[in-house]
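Take this structure first; my questions come after.
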Protein chains: 2
Amino acid sequence: MNNLAAAFKPKSLKLTPQRIAVYEMLKNTKAHPSAETIYNTIKEQYPTMSLATVYKTLKTLEEIGLVMELNVGEGNFRYDSNTQPHSHIVCNKCGKVDDIEDADLSHINEAVKKHTEYTVLSSKVYFYGICPECKTSDESSN
Amino acid sequence: MNNLAAAFKPKSLKLTPQRIAVYEMLKNTKAHPSAETIYNTIKEQYPTMSLATVYKTLKTLEEIGLVMELNVGEGNFRYDSNTQPHSHIVCNKCGKVDDIEDADLSHINEAVKKHTEYTVLSSKVYFYGICPECKTSDESSN
DNA sequence: ATCGCTGCAAACACTTTGCATCCAC
DNA sequence: GTGGATGCAAAGTGTTTGCAGCGAT
């Protein structure tokens with residue numbers, strides 16, 4: 001939350017309970033939730049919270065670099081409060097999204113510069129597969 | 001189009017003019033168009049074509065592996081008739097999407113297996129940057 | 001002739017916007 | 001006190017679906 005205050009002050013953004021709740025919720029999960037999921041979670045404690053506010057807050061947080069949007073190809077966005085470069089893996093069965101933090105993929109940005117005339121600024125890498133839990137339930141259903 | 005006939009016959013899918021038009025249009029462009037763009041292009045020659053048919057056709061083509069969906073994070077899907085593994089680069093200025101075909105990124109699937117308990121099946125890599133055309137127009141506007 | 005495909009319109013899911021009220025500063 | 005934020009509802013996108021008529025096999 002100190003993160004929030006520090007980032008908000010110079011932009012004269014207001015530190016509202018709703019914004020704090022959205023950011024704290026994201027900080028405390030590894031699930032990369034969608035706006036809808038964030039809304040449903042927070043609503044339990046902030047019954048007045050509206051989905052539009054969640055969207056507006058996420059957009060604000062993204063603009064100041066505290067949150068990043070993920071798009072794993074489901075047709076909606078997921079959000080991640082880890083803004084360090086890292087890749088993600090999606091379970092093709094249950095749709096879960098996990099971080100992949102330790103694999104160093106930073107060299108691919110360098111590698112690709114030899115093959116394009118674009119100025120390369122960033123990259124997003126998504127892996128797809130089957131998570132351990134779904135592998136286990138596969139076995140039991142066979 | 002022989003591709004189409006060959007892929008359709010065993011699945012008893014019908015080879016309609018609309019489906020041919022969608023697939024040929026995708027085969028003849030490098031622009032990774034959205035469904036809407038495909039629709040607008042084809043409509044000139046097939047005025048009766050409907051957007052719903054474009055969507056249905058793209059879904060069918062994807063299911064039989066003749067087309068792949070791209071999701072560069074715009075909130076819609078783009079389509080690519082090149083189903084060989086390759087990555088894409090998106091211009092942050094004009095939104096253009098280009099193929100990156102020569103950079104060998106296949107090793108990242110192997111690399112990531114050391115860092116996850118998922119069974120890794122596939123990956124999607126998107127680079128973001130500025131395309132040569134937009135770099136040039138930047139200079140002239142400065 | 002059959003069964004799948006088309007095309008229209010309506011429905012849907014996700015996200016954004018307008019605006020009156022509210023509250024952090 | 002003021003200007004930005006909230007929350008509702010309505011509108012906007014992109015995509016999917018239902019169904020009657022059509023057309024490829």
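Below, chains carry the letters A, B, ... as their sequence lines are ordered, and counting in each starts from 1. The model shown is predicted, which means the values in this text are computed figures rather than measured ones.
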(request) Using atom types as modelled and distance alone, determine if a side-chain donor or acceptor of A/Lys124 lies under 3.5 Å from a backbone N or O of B/Tyr128. (result)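 Checked: no pair found.
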
(message) Let me test you: for the helix from C/dA1-D/dT25 to C/dC25-D/dG1, what is the angle between the axes at its two ends (five pairs each), rounded to 10 degrees?
(response)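 About 40°, once rounded to a multiple of 10°.
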
(message) At a heavy-atom distance below 4.0 Å, what parts of residues 68-83 of chain B sit against DNA chain D?
(response)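 Only B/Gly75, B/Asn76, B/Phe77 qualify.
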
(request) Not counting sequence neighbours, which residues clear salt bridge (Lys or Arg N to Asp or Glu O under 4.0 Å) with B/Lys113? List them please. (result)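 Listed in chain order: B/Glu110.
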
(message) Please classify the nucleic acid contact of B/Ser12 as base, sugar-phosphate, or nothing, using heavy-atom distances under 4.0 Å.
(response)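 Nothing: the residue B/Ser12, judged by heavy atoms under 4.0 Å, touches no strand.
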
(request) Look at atom CD of B/Glu69 and say whether more than 12 heavy atoms of other residues, nucleotides or ligands are closer to it than 6.0 Å. (result)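 For B/Glu69, atom CD is crowded (more than 12 foreign heavy atoms under 6.0 Å).
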
(message) Taking any atom closer than 4.0 angstrom to a non-hydrogen atom of chain A, what span of DNA chain D does the protein reach, first nucleotide to last?
(response)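 It runs D/dG3 to D/dA9.
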
(message) Regarding B/Thr53, tell me which of base, sugar-phosphate or nothing describes its non-hydrogen contacts under 4.0 Å with the strands shown.
(response)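 Touches a base.
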
(request) Could you list where the contact with chain A starts and ends along DNA chain C, reading 5' to 3', using a 4.0 Å heavy-atom cut-off? (result)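 Both ends considered, the range comes out as C/dC14 to C/dC25.
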
(message) Checking A/Glu63 now: which residues fulfil side chain to side chain donor-acceptor pair (under 3.5 Å) with it, not counting sequence neighbours?
(response)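 Checked A/Glu63 against side chain to side chain donor-acceptor pair (under 3.5 Å); zero matches.
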
(message) Could you tell me if the side chain of A/His88 sits less than 4.5 Å from the side chain of A/Asp80, heavy atoms only?
(response)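 Counting from C-beta outward, A/Asp80 and A/His88 do come under 4.5 Å.
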
(message) Can you confirm whether the side chains of B/Asn3 and B/Tyr23 place a donor and an acceptor under 3.5 Å from each other?
(response)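 On atom types as modelled, these side chains qualify, holding a pair under 3.5 Å.
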
(request) Using distance alone, with no hydrogens and no angle criterion, decide if A/Ser34 and A/Thr37 have a side-chain donor and acceptor under 3.5 Å apart. (result)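 Judged by distance alone, the side chains do pair up.
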
(message) If you assign each of B/Ala35 and B/Pro17 to its closest nucleotide in DNA chain D, which residue comes earlier from the 5' end?
(response)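 Between the two, 5'-proximity favours B/Ala35.
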
(request) Scan A/Thr48 against the nucleic acid and name what it touches under 4.0 Å (heavy atoms): base, sugar-phosphate only, or nothing. (result)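 Sugar-phosphate, no base atom in range.
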
(message) Please tell me whether A/His107 and B/His107 form a close aromatic pair, meaning their ring centres lie under 6.0 Å apart.
(response)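 Judged by ring-centre distance (under 6.0 Å), A/His107 and B/His107 do meet the cut-off.
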
